[in-house]
Structure formats: C-alpha cells, structure tokens
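Structure first, then comments.
Every number for a ligand or one of its atoms is a count from 1 in the order of the listing.
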Amino acid sequence: MNLFDTLAQYDYEQLVLCQDATSGLRAIIAIHDTTLGPALGGCRMWTYATEEAAIVDALRLSRGMTYKAAAAGLNLGGGKTVVIGNPKTDKSELLFRSLGRYIEGLHGRYITAEDVGTSVADMDIIHQETRYVTGVSQAYGSSGNPSPMTALGVFRGIQAAVREVTGSDDLSGKTVAVQGLGSVGFDLCQRLHAVGAKLVVTDIATDNVQRAVAQFGATAVSTEEIVSVSCDVFAPCALGAVISDETVDRLRCQIVAGSANNQLAEGRHGDRLQELGILYAPDYVINSGGLINVADELEGYNPERAQKKVEGIYQIMRDIFAMAKERNIPTYQAADRLAEDRIAAMRQVRSTFLPVSRSLLHRA
Ligand code: NAD
C-alpha cells in the first residue's frame, strides 16, 4: 500500500497508528476532514485479516462520517477508529484506557463513540482517560440508545419523500414495506402505524414479525418477497447492499427510504433507481438521527433540542430532492454535493483572518 498516495486520493488529514505492547492495543485512528469541526466517528473492533484491511476500513469509514455530518448540518468532521482484535476475547480495561490516552493526545481533533464490536461499557473506560468520547453511560450525560432518534429521522425522511412524489406528507393509507424489524425498523413501524400507514414486513427473526403483525396489523411476507412487494415505500432497515443487480429491477415501489447503511451495492444502482423513476432517500442522510442525537452530547445533552435537530432531516431531504432536480443528478449524488458544498463554503468563511486572543497566545 502506498500510504501517502492513498491519503491524498481523498485528501485525508491524518492517520494515527496506536500501539501499546502492555495492553495489546493495535488501533488506527483516521481523521478525514475537520473543516466543519472535530472529527466524530465510532470505534470499531474487528479481527481484520491484514493491517492493510484495517487501515482501508478506517479510511473508508472516516470519509463516510465527513459526508454524513456535513449533510446533517452538524459542525463536525469525519473520523473513525478501528481496533484490531476480537471483541469477544481481546477486550480489557487496559486496552481501552490505552486507546483513551491516544484519543486525549489528539486534544479534541477526534471524538470517539460506540460502533460495531464496542459498547457503552467500553466508552465508559475510554472516558476515564479523555472527555473526547460520546455514547458513555447515562450517569455521565449520555444520550442513551440512538435507535429511536434514528427511527424518527427515517420517518421524517419518508414523509419528505412522499411529499416529493405525491405533493402531500400524508402517510395514511400508504403502503410501506419494511425489511428488518430490529431496534430501528420496529420503532419506525410504530410511527407509521400511528399515522395510518399499511405495513408489509419481514425479518429473519420470526418473533419480531409476529409482534409487528399483532401490534400493527402488519402483513408478513418472506425475506425473499419483500423487495418485490407492490408498495409506496420500500424501507430497508436490515442489511447493506440491498439495492443491487439482483434486486433493483424487481422493485415495485415509488420510493426507497430506510435506515440501513450502504443500501446501494454500487453508485450505478442509484442511477438505475433514477431511470426507473424511483425516488431514493440517500441512506446516510435519512439515517443520521442517531448521529445528530449523539452529537448533542457535546453541548450537554438536551433531548428536546436533539429531537428538533433530528426533525430537520425532513428539510434536508427536501433540499436534496430539489438539488437533484435542479442539477439533473441522482439523489445519492445530490447528497454528496450538499455535503461537499457545505464544507467548501465553510472553508471560504474560515479564510477570514481572526486575531488570536492574548490568553490563547499565552497558552500556546
Ligand atoms: P438491529 O440489529 O436491531 O436490527 C436489524 C434487524 O434486521 C434484525 O431484527 C434482524 O433479524 C433483521 N435482519 C437481518 N437480516 C435480515 C434479512 N436478510 N432480511 C430481513 N431481516 C433481516 O439493527 P438496527 O439498529 O435496527 O439497525 C438497522 C439498520 O440501520 C442497520 O443497517 C444499521 O447499520 C442501520 N443504522 C442503525 C442506526 C441506529 O441508530 N441503530 C443508525 C444508523 C444506521
């Protein structure tokens, strides 16, 4: 791997390798872009096959966070940590305290959070060494489980998409096919049911399906069928890459809008959705409620304020649809442009010289 060329390709700012023999820590902190503010992104623990695979993952994920935070209107940049190791067998207090000290050493350029393989308990240990961590336990001022806020954002995003297609936010009588009834999917069903939407659902966990049928009068279909259900909205809330060569031409919906990450197997599947006249709500924008919620911790968590910001996903989605129309580009590209435009504009604003205060000069 030609490291500096790799970093230059997408203009990464910094890559930090953290090694501590005593604790066994081998971690990579990638900071993609801090134009808008400190880089925030979760800490993933995974048994990577090679060190290169770990670096590539940290870089890819940190860049994704830059776009997600920028499009969500947050004053945050993009970063990510990956810890090389098995989350079931390799965790220790020492490991996360050691990582916490590395994060502290970045003086707030990077703020961590939970991700795949890490938990609130791990964040609490990191918190003993640094305040640059979110997703800690409630006793330390945490925002708690992000899923309800993610579901709220998806619900508002669906309303914006339905308005784009029909001219009205009204979801009563609309059919929504929900793939995956976990933390986000089930909460979303509850919200949709409350406003009179008809639900068609699937999950590999049959108890989740039974609950949705019992509580919301949902129609259950097999995991295979869900993609080709005739509906107004298809809401992927389980897996990534669900819009692929195998599925895209089987869709019978007007809108794709759900919480799953990386819904498009490749960008060209977003192009195909546009060709088919299916409106796509870009995944990293519609599912940013959890990030918006956790980011609120940085100002001292206030649930009402966080909820108001999450509701803003509605307007962001409308802006993306408008831009896509105006520039005649697919919506997934419009989301990227929105993020890039915001970062570029802020770079311009920051080009104005501000005198450094005396106190800061003294501290330096
Ligand atoms: P979860 O693990 O609680 O739920 C996922 C559900 O999908 C489970 O019930 C699982 O049984 C089901 N599932 C798995 N494979 C399936 C298949 N082939 N067909 C149908 N159902 C299947 O996860 P979650 O927290 O609800 O997140 C759902 C999606 O949203 C994930 O892609 C996640 O990355 C994304 N997301 C979640 C959040 C959040 O705040 N939780 C935030 C952003 C994005």
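- Linking Ile, Leu, Val, Met, Phe, Trp and Tyr residues whenever their side-chain heavy atoms come within less than 4.5 Å places I29 and M45 in a single cluster.
- Here the protein heavy atom with the shortest distance to atom 41 (N) of ligand 1 is S147 OG, 3.2 Å.
- Contact of the I158 side chain with the I255 side chain is not registered, since no non-hydrogen atoms from C-beta on lie closer than 4.5 Å.
- Contact annotation for atom 30 (O) of ligand 1: protein present (non-hydrogen atoms, distance under 4.0 Å).
- In this structure, A71 and Y284 approach most closely via the heavy-atom pair CB-CE1, 3.9 Å.
- Counting protein heavy atoms under 4.0 angstrom from atom 3 (O) of ligand 1 gives one or more.
- Taking each of G240, G290, A238, A151 in turn, the one with a heavy atom nearest to atom 32 (O) of ligand 1 proves to be A238.
- The shortest N or O to N or O distance between T202 and ligand 1 is not under 3.5 Å.
- Across every non-hydrogen atom of Y301 and N293, the tightest pair is OH-OD1, 2.7 Å.
- Only the side chain of T223 comes within contact range of ligand 1, with a heavy atom under 4.0 Å; no backbone atom does.
- Here is the list of ligand 1 atoms found below 4.0 Å of a heavy atom in N208: 9 (O).
- Looking from atom 18 (N) of ligand 1 to the surrounding protein, the closest heavy atom is L239 CD1, 3.4 Å.
- Remark: E299 CD is packed, more than 12 non-hydrogen atoms of other residues, nucleotides or ligands lying under 6.0 Å away.
- Checking only distances, G185 never comes within under 3.5 Å of ligand 1, N or O to N or O.
- Atom CZ of R211 sits in a crowded spot, with more than 12 heavy atoms from other residues, nucleotides or ligands closer than 6.0 Å.
- At least one heavy atom of S259 sits less than 4.0 Å from an atom of ligand 1.
- Protein heavy atom in closest approach to atom 34 (O) of ligand 1: N261 ND2, 2.9 Å.
- Heavy atoms of T150 found under 4.0 angstrom from ligand 1 belong exclusively to the side chain.
- The local environment of CG in D207 is crowded, with over 12 non-hydrogen atoms from other residues, nucleotides or ligands closer than 6.0 Å.
- Taking each of S183, S222, S288 in turn, the one with a heavy atom nearest to atom 25 (O) of ligand 1 proves to be S183.
- Within the 4.0 Å heavy-atom criterion, neither part of I226 lies near ligand 1.
- Atom 14 (C) of ligand 1 has as its closest protein heavy atom I204 CD1, 3.6 Å.
- With salt bridges taken as basic N to acidic carboxylate O contacts below 4.0 Å, one links K325 and E164.
- Only the backbone of C237 comes within 4.0 Å of ligand 1, judged by heavy-atom distances.
- The protein heavy atom nearest to atom 43 (C) of ligand 1 is N287 O, 3.6 Å.
- By the 30° and 60° cut-offs, the orientation of the rings of Y12 relative to H32 is perpendicular.
- For ligand 1, none of its N or O atoms has an N or O atom of K68 under 3.5 Å away.
- If you take CG on N208 and OG on S183, they are separated by 9.0 Å, rounding to the nearest 0.5 Å.
- Heavy atoms only, all atoms of each residue included: L264 and Y280 are closest at CD1-CE2, 3.7 Å.
- Where the criterion is an N or O separation shorter than 3.5 Å, residue side chain and backbone included, D203 meets it with respect to ligand 1.
- Taking CG of L3 as the reference point, atom CG of L59 lies at 7.5 Å (rounded to 0.5 Å).
- From the protein, the heavy atom lying nearest to atom 27 (O) of ligand 1 is V184 CG2, 4.0 Å.
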